[in-house]
Amino acid sequence: MIGCECEVCRSMDYRDKRLRSSVHIQTDELSLVIDTGPDFRQQMLRERINHLDAVLFTHSHKDHIAGLDDVRAYNFLQNSDMPLYGRKEALEQIKVEFYYAFENEKYPGTPQLRLHEINEDPFSINELLITPLPVMHMRLPVLGFRIGNFSYITDANFISDATYERLKGTEILVLNALQKPKHLSHFNFEEALEEVKKIGAPKTYFTHISHKLGKHKDIEKEIPDSVALAYDGLTVTL
Ligand SMILES: [Zn+2]
Ligand SMILES: [Zn+2]
Ligand SMILES: [Zn+2]
């Protein structure tokens, strides 16, 4: 956090350096990213992601879309538009915030984006089946995504019965756990641990962690074996 001198912000542990939340998914066929936050470029460079087939959006808050302009690198590399998947509201917001990418007479070099509106129904990219996981982020509907037995839910503080149903059998769950204090629109640490019990995935990783959650090495001791704190650069294989 800019201007913060707390023990997390001053920590030298690389696991306490928390860029904005995103995940890259590599299957045999496809390279996908969920959300392009302000740190997208840095994350793609760090992980050497040299090919990207599509971006899925959970919602349009700035910390999840601000880095979208940088997909233009993939436009150049792949000589194609970047397909974006999101609900209508999220895509409308992207059109407002990146208006210059949707003008008829585009300035050369602006990102080339192709919008694919999705709703709560499962959809496919090429052959890959993706199941949306509708959740609530205070009043804002947000989508998590399930791909095979991997499920990703960020920016939520409520999960409906229908979504619990869609989470059944998931082996790896990524779930937001913002901080220790109660929050208006995110599960805090305690609430996220309750969700872990309810959902019962063999392994859950907490993400969207702020500096108010404390240091990785301290929190790690407070969580059951089935839970781990995600950190920047973590790779999980399924
Ligand atoms: Zn801090
Ligand atoms: Zn949000
Ligand atoms: Zn967020």
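One-based numbering, in listed order, for ligands and for the atoms of each. What you are looking at is a predicted structure, and each value in this text was computed from that prediction instead of being measured. We number each residue from 1, following the sequence as shown.
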Could you check which N/O/S atom of [X] is closest to the Zn ion (ligand 3)?
X	value
His64	NE2
Asp63	OD2
Asp155	OD2

Would you call [X] and [Y] a salt bridge, taking side-chain N to carboxylate O under 4.0 Å as the test?
X	Y	value
Glu190	Lys182	no
Arg18	Asp16	yes
Glu120	Arg166	no

(request) Please note down the angle at the Zn ion (ligand 1) between SG of Cys6 and SG of Cys9, to the nearest 10°. (result) 110°
(message) Which atom name does His61 have for its N/O/S atom nearest to the Zn ion (ligand 2)?
(response) ND1
(request) Tell me which N, O or S atom of His137 sits nearest to the Zn ion (ligand 2). (result) NE2
(request) Output the atom name for the N/O/S atom of His211 with the smallest distance to the Zn ion (ligand 1). (result) ND1
(request) Examine all N, O or S atoms of His59, backbone included, and report whether one is under 2.8 Å from the Zn ion (ligand 3). (result)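 It does not; every qualifying atom lies at 2.8 Å or beyond.
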(request) Answer yes or no as to whether an N/O/S atom of His186 is found below 2.8 Å from the Zn ion (ligand 3). (result)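 Of the N, O and S atoms in His186, none lies under 2.8 Å from the Zn ion (ligand 3), which means no.
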(message) Give me the atom names and distance for the closest heavy-atom approach of Ser11 to Lys215.
(response)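 In this case the closest contact between Ser11 and Lys215 is OG-CE, 4.0 Å.
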(message) Looking at every heavy atom in both Ala156 and Val135, which two are closest together, and how far apart are they?
(response)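 Shortest heavy-atom separation between Ala156 and Val135 comes out as CB-CG2, 3.6 Å.
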(message) Looking at Met138, I want to see if its CE is surrounded by more than 12 non-hydrogen atoms of other residues, nucleotides or ligands under 6.0 Å.
(response) yes
(message) According to a hydrophobic-cluster definition based on side-chain heavy atoms being under 4.5 Å apart (Ile, Leu, Val, Met, Phe, Trp, Tyr only), do Val142 and Leu56 belong together?
(response)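 In one cluster: no.
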